[in-house]
Asker: 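I'd like to ask you about the structure that follows.
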Amino acid sequence: MRFRSLMIYIKTDAEVELLREANQLVSKTLAEVAVHIRPGVTTLRLDAIAEEFIRSHGALPAFKGYAGFPNTLCTSVNDEVVHGIPSDYALREGDIISVDCGVILNGWYGDSAFTFPVGEVRPEILRLLDFTRASLEEGVKQAVAGNRVGDISHAVQTKAEGGGYSVVRTLVGHGIGKHLHEGPEVPNFGRRGSGTRLERNVVICIEPMINMGTKNTRTDSDGWTVRTGDGKPSAHFEYAVAVREGKPDLLTTFEYIEEVLTKR
Ligand code: MG
Ligand code: MG
């Protein structure tokens with residue numbers, strides 16, 4: 001999906017705090033999902049766990065019904081890039097699963113994604129995960145007032161391609177607020193110094209989708225599932241971040257997920 005024409009909304013400090021609450025709930029939901037990721041669990045089971053967790057915290061699943069999407073989570077396994085639909089597929093040792101989650105809390109949206117290994121995963125695939133996450137971290141560093149969107153895009157692309165990977169072009173990051181998708185578009189490729197200037201209290205989702213092989217993708221006949229053109233794996237990590245002066249303000253945290261993963 002492209003969101004080129006969407007409005008950019010500058011938030012008040014109070015609104016950024018409401019967005020922080022929504023995005024922190026997403027962070028906690030992904031950690032709850034992480035607890036249950038293991039060989040044998042179905043992606044539909046993970047979806048049910050996430051929906052129950054979100055509703056029990058007074059929020060709504062943001063993706064369910066969005067443009068007709070049927071579920072709470074997007075669960076994208078192995079060569080699936082994004083927008084995978086939860087199913088009775090049981091995860092297998094050696095899989096990777098990208099879990100994308102959105103909530104609406106008090107009218108404000110949260111949106112974050114994390115790619116998990118399932119059991120023992122081949123080192124070259126773990127390296128893809130590491131580089132994808134590192135490319136996100138590089139992009140986030142550029143989310144400061146006065147920079148341009150292209151500075152984020154360029155930083156993500158440089159890190160990912162530096163690892164020998166390719167950047168998905170057909171899907172991009174986005175602003176977030178009282179809508180799931182606001183302006184500006186945040187591509188994961190681009191030129192330094194190009195694009196929209198970032199103003200204080202613009203809140204954006206940066207979400208590199210990085211492929212082991214070709215950057216090209218295709219969409220399944222279900223109309224949703226995007227997968228790599230060559231069947232090689234793809235990873236996806238996403239943060240919501242408020243643009244500030246001097247340094248970015250992360251509204252998402254992976255700390256809750258890390259706590260779960262390190263306990264294994
Ligand atoms: Mg997003
Ligand atoms: Mg997302």
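Counting starts at 1 for both ligands and their atoms, in listed order. The first residue of the sequence shown is numbered 1, and numbering continues consecutively from there.
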Asker: Has Asp47 got a side-chain atom pairing as donor or acceptor with Thr72's backbone, closer than 3.5 angstrom?
Answerer: yes

Asker: Write the atom name of the N, O or S atom in Glu238 that is nearest the Mg ion (ligand 2).
Answerer: OE1

Asker: Check Ile257 against Ser27 and note the closest heavy-atom contact, atom names and distance.
Answerer: CG1-O, 4.4 Å

Asker: Which atom name would you report as the N, O or S atom of Glu207 nearest the Mg ion (ligand 1)?
Answerer: OE2

Asker: Within less than 2.8 Å of the Mg ion (ligand 1), any N, O or S from His174?
Answerer: yes

Asker: Provide the atom name of the closest N, O or S atom of Asp111 relative to the Mg ion (ligand 2).
Answerer: OD1

Asker: Suppose we only count N/O/S atoms under 2.8 Å; would Asp100 qualify as near the Mg ion (ligand 1)?
Answerer: no

Asker: Any sub-3.5 Å donor-acceptor pair from Asn211's side-chain atoms to Pro233's backbone N or O?
Answerer: no

Asker: His174 and Glu182: side-chain donor and acceptor closer than 3.5 Å?
Answerer: no

Asker: Whether Arg127 and Glu124 form a salt bridge (side-chain N of Lys/Arg under 4.0 Å from carboxylate O of Asp/Glu) is what I want to check.
Answerer: no

